[in-house]
Amino acid sequence: MLKTVNLNYNYEDGKVALKNINIDLNKGNKIGIVGGNGAGKTTLFLSLIGYLKPDKGEVIFNDKKIKYNKKSLRNLRREVGIVFQEADKQIFYSNTYDDIAFGLRNLGYDEEIIKRKVDIIINLLNIEEFKDKPVHFLSHGEKKRVAIAGVLALDCKIIFFDEPLAGLDPSMSDNMINTMNNIVREGKKTVVSSHDMDFIYEYCDYVYVLNKGKVIDEGIPSKIFLNENTLNKANLKEPWLVKIHKKLNMPLFKNEEELYNFKRENIKG
Ligand SMILES: Nc1ncnc2c1ncn2[C@@H]1O[C@H](COP(=O)(O)OP(=O)(O)OP(=O)(O)O)[C@@H](O)[C@H]1O
């Protein structure tokens with residue numbers, strides 16, 4: 001439903017940030033976009049949500065080229081949302097409720113419907129405790145949950161997460177991953193960029209690797225992370241489960257759970 005065809009983007013100062021990018025979000029429901037600093041991940045996200053207009057090439061949404069007029073972008077934003085790395089970038093209001101309601105108000109929903117939708121999301125994300133709190137008193141992790149709530153309230157079908165775990169403690173990280181898994185369980189799609197390869201390996205079902213504005217590899221995580229050439233070129237760290245597989249000659253497990261189940265069965269045997 002969302003893809004790019006030969007997408008190129010240059011910043012005003014002449015920096016070539018994306019070169020001939022062809023990605024197709026139909027390849028998975030938990031898509032990872034990875035690459036070193038400056039590889040072009042954020043630029044690609046901003047292009048896919050229609051915020052940046054390509055210099056060459058297209059972003060295709062539901063089989064049609066995105067047009068950059070108000071109406072077309074409004075339609076896109078009903079279906080495609082983003083949770084920025086810095087929650088402050090998308091938080092505008094002084095209290096949590098109004099902030100979550102912001103997008104819905106923008107789309108012209110009745111206050112009664114807005115209240116119903118916002119209450120459902122507040123309950124779903126378990127954030128009742130700071131519903132009436134001024135947003136600037138919330139911690140980084142709490143602000144991030146408010147940002148997610150705002151996107152979920154819009155019922156977007158595709159949600160981009162730019163570095164979703166950055167700055168979160170282990171329990172908040174688990175909470176974030178659970179929320180993302182629940183979003184996918186509801187039939188929606190998540191697209192994540194992260195420098196945490198353990199998370200990308202375990203969470204994603206399809207990965208694109210960017211280097212200097214180009215896609216240098218794509219595929220399922222086991223294919224990507226077993227390819228030393230890709231990891232070296234893009235400056236990516238080997239996930240710990242891949243390391244165990246290679247160094248201890250163990251099977252390649254997708255997550256910790258699979259590893260423990262394997263051990264249990266082998267100890268029993
Ligand atoms: N507003 C801008 N003007 C000029 N160049 C920019 C601008 N924003 C980003 N760039 C450059 O474009 C390239 C891609 O940047 P981008 O932020 O997309 O990378 P990234 O993969 O998200 O990096 P990181 O992992 O460090 O966040 C970088 O070389 C960056 O310096």
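When a ligand or atom number is given, it counts from 1 through the structure's own listing order. Given the structure is predicted, the values throughout are model-derived calculations rather than measurements. No hydrogens, no waters, no symmetry mates; every other heavy atom, side chains included, goes into these values.
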- Under-4.0 Å heavy-atom contact between protein and atom 2 (C) of ligand 1: yes
- Message: Give me the residue, atom name and distance of the protein heavy atom closest to atom 14 (C) of ligand 1.
- Response: Gly38 O, 3.4 Å
- Between Asp119 and Lys131, is there a salt bridge with N-O shorter than 4.0 Å? yes
- Is Lys15 touching ligand 1 with its side chain, its backbone, both, or neither, if touching means heavy atoms under 4.0 Å apart? side chain
- Side chain or backbone of Glu12 under 4.0 Å from ligand 1, or both, or neither, by non-hydrogen atoms? neither
- Would you call Arg78 and Asp155 a salt bridge, taking side-chain N to carboxylate O under 4.0 Å as the test? no
- Nitrogen or oxygen of Gly40 less than 3.5 angstrom from that of ligand 1: yes
- Query: Given Tyr9, Phe45, Tyr11, which has its nearest heavy atom closest to atom 9 (C) of ligand 1?
  - Reply: Tyr11
- Task: Would you check, one step at a time, whether the test salt bridge (charged side-chain N to carboxylate O under 4.0 Å, His left out) holds for Glu238 with Lys243?
- Result: CA-CA 7 Å; Glu238 204 168 48; Lys243 225 179 258 174; 5.4 Å; no
- Task: Could you tell me how the ring of Phe199 sits relative to the ring of Tyr203: parallel (under 30°), tilted (30 to 60°) or perpendicular (over 60°)?
- Result: parallel
- Query: Which heavy atom in Lys143 sits nearest to a heavy atom in Val135, and how many Å separate them?
  - Reply: CE-O, 3.5 Å
- Heavy-atom distance to atom 17 (O) of ligand 1: which of Thr42, Asp162, Leu52, Leu210 wins? Thr42
- Message: Taking only non-hydrogen atoms of Ser193, do any sit less than 4.0 angstrom from ligand 1?
- Response: no
- Sub-3.5 Å N/O-N/O distance, Ala39 and ligand 1: yes
- Are Lys246 and Glu228 close enough for a salt bridge, meaning some N to O gap below 4.0 Å? yes
- Query: Which atoms of ligand 1 have any heavy atom of Thr43 under 4.0 Å away?
  - Reply: 14 (C), 15 (O), 16 (P), 18 (O)
- Query: With backbone taken as N, CA, C and O and side chain as the heavy atoms from C-beta onward, which portion of Asp13 lies under 4.0 Å from ligand 1: side chain, backbone, both, or neither?
  - Reply: side chain
- Shortest non-hydrogen separation from Ser173 to Leu165 and the atoms involved: O-CD2, 4.0 Å
